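On a predicted model such as this, the values are computed, not experimentally measured, just so you know.
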Amino acid sequence: MGMIKTAETAAVALATTLILAGCSSSSSDNDRAAITQFGTFTLDEFTQTPTNNGSTIAIAGFFDLPGDISPFFSNIAHPTSDRCIIDGQQPSELDEAVAIFNDRVTISAGESLVLTSPLGTFATLNRAMDGDSIFYLANDGLDNIPAELTLDIPGDAFPAFSNLAIPELADITDLSVTESVLTDTSSFTWTPTGSSDTILVMDLDYESAVISCEIVDDGSFTLPAEIVAQTGPLSEGFVSFSYVVSQNLVQSGNALMAVTREKAVIVQ
């Protein structure tokens, strides 16, 4: 995953959660207030590798939606069981939600966003334009991220939010797999972080398919049987990327704000 530079790619958090989502809404979702605006903030920590010096960026985007996505709230939230898709094909039950998202319009949330810790201002994300798209970006001086970090959004077309907590995110240093060349039976293991708000996100590239998964942080993972039933035997696979992700979702009126922190994880 490379440097995020536009509001369209800032929206990838919503796109991913809709595409990787399960196929039904709950009664509590149906009772939720309408959601016709969506904001996404991501603090993305790139781990240093032999081919990557490592960096941290903060990116945000805000959107008006042409319809209500509240019936799909549980699909946006972190999963309670492993869920995967094949070659980016989302379930047909989510066609309505994806159509709403695809017709989004970027909007302003104010001149700048501010990240603050108990020590004071940590970073400022200034508003920028890419064609007609609005986005917010900071990628300088974001080393040594402090604890108890919060986000303030001054508001504009998208409403103001104050003191949004940036999730803490534990390192996963022992993610390993049973074989270096993946098959459909390859098994991953790691030490769980202990947080119910944390998941693993992995793309598994096989000779015949790309499998994208959101994985519950319970310490083990193999491809779900229903996925393998659709693909048949898989071989010559590798992990194209793996991240540990934690997310807070906060709704105010008809605006939903997703505050996400993610960190690359190396597979041993």
Side-chain angles (χ1 to χ4, degrees), residues 4 7 10-22 25-26 28-29 32-45 56-63 65 69-70 72-81 83 97 101 109-110 112-118 121-125 135-138 142 145-155 158-172 192-201 214-218 243-265:
I4 303 174
V12 73
L14 176 56
T16 300
T17 48
L18 288 175
I19 289 172
L20 293 179
S25 59
S26 68
S28 61
D29 291 342
R32 182 176 292 274
I35 299 171
T36 56
Q37 291 186 317
F38 185 83
T40 174
F41 166 90
T42 301
L43 184 63
D44 195 334
E45 301 172 55
T56 297
I57 65 169
I59 183 79
F62 303 90
F63 310 91
L65 305 174
I69 61 169
S70 63
F72 307 96
F73 183 86
S74 62
N75 305 116
I76 297 171
H78 279 340
T80 55
S81 60
R83 58 193 187 192
F101 172 71
S112 60
L113 318 180
V114 179
L115 287 169
T116 305
S117 80
T121 298
F122 173 65
T124 300
L125 287 75
F135 66 102
Y136 298 77
L137 178 67
L142 298 185
I145 298 170
E148 301 180 42
L149 201 58
T150 60
L151 174 68
D152 289 307
I153 301 168
F158 190 87
F161 282 75
S162 299
N163 296 316
L164 290 172
I166 307 302
E168 298 295 331
L169 192 58
D171 287 322
I172 292 178
T193 66
S195 170
S196 60
D197 296 324
T198 298
I199 62 169
L200 285 175
V201 177
E214 287 184 327
I215 302 164
V216 174
D217 180 27
D218 58 8
Y243 272 69
V244 58
V245 178
S246 186
Q247 182 182 73
N248 291 331
L249 292 171
V250 180
Q251 184 173 355
S252 177
N254 70 335
L256 179 66
M257 188 67 206
V259 181
T260 304
R261 187 169 177 176
E262 60 186 31
K263 185 180 297 185
V265 178

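Atom CZ of residue Arg261 and atom CG of residue Leu149 lie 7.0 Å apart, to the nearest 0.5 angstrom. To the nearest 0.5 Å, the span separating CD1 on Ile199 from CG on Asp218 amounts to 12.0 Å. A distance of 5.5 Å separates CG in Asp217 from OG1 in Thr198, rounded to the nearest 0.5 Å. The distance from the OG1 atom of Thr260 to the CG atom of Leu43 is 10.0 Å, given to the nearest 0.5 Å. Atom-to-atom distance recorded for Ile57:CD1 and Leu142:CG is 9.0 Å, nearest 0.5 angstrom. Atom OG1 in Thr40 sits 6.0 Å away from atom CE in Met257 (nearest 0.5 Å).
At least one side-chain heavy atom of Phe122 sits under 4.5 Å from a side-chain heavy atom of Ile145. The shortest distance between side-chain heavy atoms of Asp152 and Thr116 falls below 4.5 Å. Counting heavy atoms from C-beta outward, Leu113 and Phe62 have side chains that approach closer than 4.5 Å. With a 4.5 Å cut-off on side-chain heavy atoms, Ile59 and Asp44 do not count as touching. Taking 4.5 Å as the limit, every side-chain heavy atom of Phe161 sits out of range of all side-chain heavy atoms of Val259. In this structure the side chain of Pro159 reaches within 4.5 angstrom of the side chain of Gln37, judged on heavy atoms.
For Tyr136 and Phe41, the ring centers sit 6.0 Å or farther from each other.
Of the possible donor and acceptor atoms, one in the side chain of Ser195 sits under 3.5 Å from a partner among the backbone N and O of Asp197. Within the 3.5 Å criterion, the main-chain N or O of Ala264 finds no donor-acceptor partner in the side chain of Glu262.
Ring geometry, Phe63 versus Phe101: the interplanar angle exceeds 60°, so the pair is classed perpendicular (tilted spans 30 to 60°).
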**Asked** Does the pair Asn248 and Leu164 meet the rule for a side chain to side chain contact (heavy atoms under 4.5 Å, CB included), with working shown?
**Response** CA-CA 8 Å; Asn248 291 331; Leu164 290 172; over 6 Å; no

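Across all their heavy atoms, Pro167 and Ser246 have their closest contact at CB-OG, 3.4 Å. When all heavy atoms of Thr150 and Ala165 are compared, the closest pair comes out as CG2-CA, 4.4 Å. In plain terms, the two heavy atoms of Ala33 and Gln251 that are nearest each other are O-NE2, 3.2 Å. Contact record, Thr124 with Ser112: CG2-CB, 3.7 Å, taken as the closest heavy-atom pair. Nearest heavy atom pair, residue Leu249 against residue Ala258, reads CD2-CB, 3.6 Å. Of all heavy-atom pairs spanning Phe38 and Ile69, the tightest one is CD1-CD1, 4.3 Å.
Residues Glu148 and Ser117 have side chains that never bring a donor and an acceptor to within less than 3.5 angstrom of each other.
Each of Asp171, Ile172, Leu200 was checked for a side chain to side chain contact (heavy atoms under 4.5 Å, CB included) with Thr193, and the lone residue meeting it is Ile172.
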